[in-house]
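One structure is given below, encoded as structure tokens.
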Amino acid sequence: MDWTGTQPLSALSNRAQTSVATCPGSVVRDADKDDDYHPDTNPQGLCELDVAENLLMRDHLLQHIERHYPVRLSSQSLTYPNGGAGSQRLKAAMARFLNRSWNPIRAIEPRHLILTNGVSTALEQLAWGLLDPGDGILLAQPYYGNLIAHVSLRVGATVVPVSFEPSIDPFSLSAVSAYRLALTTWEQTTGKRVRAILLCHPHNPLGRCYAPNMIKALMQLCQEHQMHLISDEIYSLSEWENPIDNVPPNPFQSVTTINTDGIIDPHRVHVLWGLSKDFGANGLRVAAIVSQSNRQLHSALGRLSWYSFVAGPSDMAATSLLEDDEFTTHYLQLNSQRMRVAFVTAARFLKENRIPYRPGPHAGVFLWIDLGTRFCELHPREKSVGLLDLNREISEQLEAQKVMLAPGELFGAQTPGWFRLVFTHPEWYLEEALRRIVVALS
């Protein structure tokens, strides 16, 4: 097939043309894993700190799967699961695991779960079930860029960014007024409705959690405007101690731990979780929508499950993992310890080299770092530079040193020079990548 010719966009459907024209590029690149850095076998290879993966525990998890995963697949793994929304055994294992991990105010039952092949799919399906094309969904800046595609690419909803004044902590009660302002401004301007608030909790890329009083305030706002609250809790079990910054953390509490009586109709509250981040298993593609009080939503999404059910081998591996209480408890504790060490390595290096980062992270796998300030100190200029121009200039220097970070424009950054750095890599890999960042800025 000839790939060199240029085909007109008119050869595509209208929705495909719109996606090409309006949807931002993916945060996840087509990475060349054959060129990955290794000090012995590929010292000139690429250091990738742009993809949100936790590589600190991969060998540990693989050992467990190899010990417990059947050498031969069962016949059940080669047929359709018992219901597209997930096998009964995996649902039971996940519900039990989440009850142990989150301690919800109302126990999560298997019937409350809709299983999908990843949280990305879960969010898209939830958006399909709750939002009509053109409806708005509030999302605080900065945000994980792919969330826009998940709710807009095929669903047709519109992300309404919530911006904050520099003096406003986006995790504080004072930030609720910014959500209200974004909602009313967009509705008055477009004549359309905002139908949901989407929280990334813990937050990607800021690495912080929302306090229960903030979540309750957003629930009240949702109830007032008949909106849904969607909480993406994919990093909920990836907390770690931050001994560097003097910022008191809000320990993670799932939205499922909040008593909604008198605050919001429970059928408007939905939570997402999966194995990708907390267990460093992006490739397994196992996730869940947790909706405890909306039977109609379950019925509607059951029609979509044909396109998203968890593959048999992944179902078996995930079930084996989540049923093993002793292993998962040990795994998560060790993961937290290793993440703390990796964070300290990255944070100290950045401080020593005068590279600011947003203080206070204590969850997730990333730091939100300001390369622009240091870059402009080392490369003075007569006039200010726009976000895209400065980020492009810095990205070119990073690429020249073969180190990849995700630029701020993919996250709705309001000021230039910000990048997301993923620190959950082995120490030898992380230190080389950090060294290259300093060289790129010089």
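- Exactly one residue among Leu113, Val290, Asp278 makes a side-chain contact (heavy atoms from CB on, under 4.5 Å) with Trp273. That residue is Asp278.
- For Gly360 against Val247, the heavy-atom pair with the smallest separation is CA-CB, 3.7 Å.
- Residues satisfying the salt bridge (Lys or Arg N to Asp or Glu O under 4.0 Å) test with Arg374, not counting sequence neighbours, are Glu377.
- At distances below 3.5 Å, at least one donor-acceptor pair connects side-chain atoms of Thr257 with backbone N or O atoms of Ser254.
- Residues Pro205 and Phe366 share a closest heavy-atom pair of O-CD1, 3.5 Å.
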(Q) Is there a side chain to side chain donor-acceptor pair (under 3.5 Å) between Ser291 and Asn294? Walk through the geometry before answering. (A) CA-CA 6 Å; Ser291 189; Asn294 198 322; 5.0 Å; no

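- Between the CZ atom of Arg195 and the CG atom of Leu138 there is a distance of 12.5 Å, given to the nearest 0.5 Å.
- A cation-pi geometry, defined here as NZ or CZ lying under 6.0 Å from the six-membered ring centre and within 45° of its normal, holds between Arg358 and Trp418.
- Applying the side-chain hydrogen bond (donor to acceptor under 3.5 Å, both in side chains) definition to pairs two or more places apart or across chains, those involving residues 212-232 are Arg180-Glu224, Gln223-Asp265, Gln226-Arg268, His228-His270, Ser231-Glu233.
- Between Trp186 and Lys192, the closest side-chain pair of non-hydrogen atoms falls below 4.5 Å.
- With sequence neighbours excluded, the residues that form a side-chain hydrogen bond (donor to acceptor under 3.5 Å, both in side chains) with Asp245 are Asn242, Tyr357.
- Qualifying side-chain hydrogen bond (donor to acceptor under 3.5 Å, both in side chains) partners for Trp102, counting only residues two or more places apart in sequence or in other chains: Ser236.
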(Q) Could you walk me through whether His201 and Phe252 satisfy the ring pair (Phe, Tyr, Trp, His ring centres under 6.0 Å) test, starting with their C-alpha distance in whole Å, then the side-chain angles of each, then the deciding distance to 0.1 Å, before giving a yes or no? (A) CA-CA 8 Å; His201 172 52; Phe252 173 80; 4.7 Å; yes

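- Here the closest non-hydrogen pair linking Ala318 and Leu275 is CB-CD2, 3.9 Å.
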Show me the side-chain donor-acceptor pairs of residues 117-126 shorter than 3.5 Å, one per line, residues at least two apart or across chains.
from: Asn117; atom 1: OD1; to: Thr121; atom 2: OG1; distance (Å): 2.9
from: Ser120; atom 1: OG; to: His150; atom 2: NE2; distance (Å): 3.1
from: Glu124; atom 1: OE1; to: Arg154; atom 2: NH2; distance (Å): 2.7
from: Glu124; atom 1: OE2; to: Arg154; atom 2: NE; distance (Å): 2.9
from: Glu124; atom 1: OE2; to: Arg154; atom 2: NH2; distance (Å): 3.4
from: Gln125; atom 1: NE2; to: Ser308; atom 2: OG; distance (Å): 2.7

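- Applying the ring pair (Phe, Tyr, Trp, His ring centres under 6.0 Å) test to His267 and every residue at least two apart in sequence or in another chain returns nothing.
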Q. Stepwise, does the side-chain contact (heavy atoms from CB on, under 4.5 Å) test hold for Val269 with Cys222?
A. CA-CA 10 Å; Val269 179; Cys222 285; over 6 Å; no

Q: Would you sort out whether Leu321 and Phe327 count as a side-chain contact (heavy atoms from CB on, under 4.5 Å), showing the intermediate values?
A: CA-CA 8 Å; Leu321 172 66; Phe327 175 80; 3.4 Å; yes

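- Sorted by first then second residue, the salt bridge (Lys or Arg N to Asp or Glu O under 4.0 Å) pairs that include residues 246-261, not counting sequence neighbours, number zero.
- Taking each heavy atom of Tyr179 and Ala140 in turn, the nearest pair found is OH-CB, 3.4 Å.
- Qualifying ring pair (Phe, Tyr, Trp, His ring centres under 6.0 Å) partners for Phe279, counting only residues two or more places apart in sequence or in other chains: Phe97, Tyr331.
- Between Asn54 and Lys277, the shortest heavy-atom contact is CB-O, 4.2 Å.
- Between Arg96 and Asp325, at least one side-chain N (NZ, or NE/NH1/NH2) sits under 4.0 Å from a carboxylate O, which counts as a salt bridge.
- Here the OH atom belonging to Tyr429 is positioned 6.5 Å from the CG atom belonging to Leu49, to the nearest 0.5 angstrom.
- Atom-to-atom distance recorded for Thr328:OG1 and Asn335:CG is 12.0 Å, nearest 0.5 angstrom.
- Using modelled atom types, no side-chain atom of Arg106 and backbone atom of Thr256 make a donor-acceptor pair closer than 3.5 Å.
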Result block: side-chain N/O donor-acceptor pairs under 3.5 angstrom for residues 169-178, not counting sequence neighbours:
from: Asp169; atom 1: OD1; to: Phe171; atom 2: N; distance (Å): 3.0
from: Asp169; atom 1: OD1; to: Arg208; atom 2: NH1; distance (Å): 3.3
from: Asp169; atom 1: OD2; to: Arg208; atom 2: NH2; distance (Å): 3.1
from: Ser172; atom 1: OG; to: Asp169; atom 2: O; distance (Å): 2.7
from: Ser172; atom 1: OG; to: Ser174; atom 2: OG; distance (Å): 2.7
from: Ser177; atom 1: OG; to: Ser174; atom 2: O; distance (Å): 3.0

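- Residues satisfying the salt bridge (Lys or Arg N to Asp or Glu O under 4.0 Å) test with Glu109, not counting sequence neighbours, are Arg111.
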Q: Kindly indicate, with the supporting measurements, whether the criterion side-chain contact (heavy atoms from CB on, under 4.5 Å) is fulfilled by Leu405 and Ile394.
A: CA-CA 10 Å; Leu405 302 178; Ile394 295 173; over 6 Å; no

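- Panel note: side chain Thr319, backbone Asp315; a donor-acceptor pair is recorded below 3.5 Å.
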Q: Go through the steps to decide whether Gln253 and Ile215 satisfy the test side-chain contact (heavy atoms from CB on, under 4.5 Å), and finish with yes or no.
A: CA-CA 10 Å; Gln253 281 188 244; Ile215 295 173; over 6 Å; no

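- Partners of Gln397 according to the side-chain hydrogen bond (donor to acceptor under 3.5 Å, both in side chains) rule, which considers only residues two or more places apart in sequence or in another chain, do not exist here.
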Under 3.5 Å, which donor-acceptor pairs link side chains of residues 156-166 to any protein atom two or more places apart or in another chain?
none

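- Here the closest heavy-atom approach between residue Asp36 and residue Leu46 is recorded as OD1-O, 3.0 Å.
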